[in-house]
Amino acid sequence: MPYRIRRRPESSPAVRQQLTDEVSGLLARMAFHQAWLQIEATTVAGPYATLVATARAEAGAQMSLAWRQSPITTDTGMNLGIPYPRDRSNAARATCIEVMRRHL
């Protein structure tokens, strides 16, 4: 979502609403999967919860920064140049996937 926010076409109420609806949808899907894992695969639920919390913390800070930046208005501006760091969420995802593989 930080990339979507940063690359938003404009700063209008409609665009803000669309992007915040997408964030809400993502959060709802993550909560659904977290609850499902707590029911079906309790050994995976903890690592998944850690992944969600880590990703939310990283993305949350990045989204806050993206909202403070002006919309991109040129084609060349679409190339942000430096990726948003995801080191912690990548590590949490790797751990979660390893636990999932053992659980299968």
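Two residues are said to be in side-chain contact when any heavy atoms from C-beta on lie closer than 4.5 Å; P9 and V15 meet this criterion. Using a 4.5 Å cut-off on side-chain heavy atoms (C-beta onward), Y48 and V99 make no contact. The closest side-chain heavy-atom distance from Y3 to P83 is below 4.5 Å. No side-chain heavy atom of R8 sits under 4.5 Å from any side-chain heavy atom of Q18. At a threshold of 4.5 Å between non-hydrogen side-chain atoms, the residues T43 and R102 do not count as touching.
Note: R29 CZ to L26 CG = 4.5 Å, rounded to the nearest 0.5 Å. Q34 CD to L51 CG: the interatomic distance, rounded to the nearest 0.5 Å, is 9.5 Å. Atom NE2 of H103 is separated from atom CG of L37 by 8.5 Å, given to the nearest 0.5 angstrom. Atom OG1 of T20 and atom CE of M63 lie 10.5 Å apart (nearest 0.5 Å).
Although no hydrogens or angles enter the test, the distance criterion places no donor-acceptor pair under 3.5 Å between the side chain of R6 and the main chain of P71. In terms of modelled atom types and a separation under 3.5 Å, the side chain of S64 and the main chain of G60 share a donor-acceptor contact.
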> Hey, mind stepping through N90 and R93 against side-chain contact (heavy atoms from CB on, under 4.5 Å) and telling me if it holds?
Replying inline: CA-CA 5 Å; N90 286 342; R93 183 177 58 232; 2.8 Å; yes
>> Please determine whether side-chain contact (heavy atoms from CB on, under 4.5 Å) holds for the pair L19 and V23, giving the CA-CA distance in whole Å, both sets of side-chain angles, and the decisive distance to 0.1 Å.
In response: CA-CA 6 Å; L19 290 169; V23 170; 5.8 Å; no
> Step by step, would you call T73 with E10 a side-chain contact (heavy atoms from CB on, under 4.5 Å)?
Replying inline: CA-CA 8 Å; T73 58; E10 61 183 354; over 6 Å; no
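The 12-atom threshold is exceeded at CG of D21, counting heavy atoms of other residues, nucleotides or ligands nearer than 6.0 Å. In the displayed structure, L104 atom CG is contacted under 6.0 Å by more than 12 heavy atoms of other residues, nucleotides or ligands.
R4 has a carboxylate O that lies under 4.0 Å from a charged side-chain N of E22, or vice versa, which qualifies the two as a salt bridge.
Closest of all the heavy-atom pairs between R86 and E58 is CA-OE1, 3.4 Å.
H33 and W36 have parallel rings, their planes meeting at less than 30° on a 0 to 90° scale where 60° marks the start of perpendicular.
Evaluation of the side chain to side chain contact (heavy atoms under 4.5 Å, CB included) rule for P85 yields Q62 as partners, not counting sequence neighbours.
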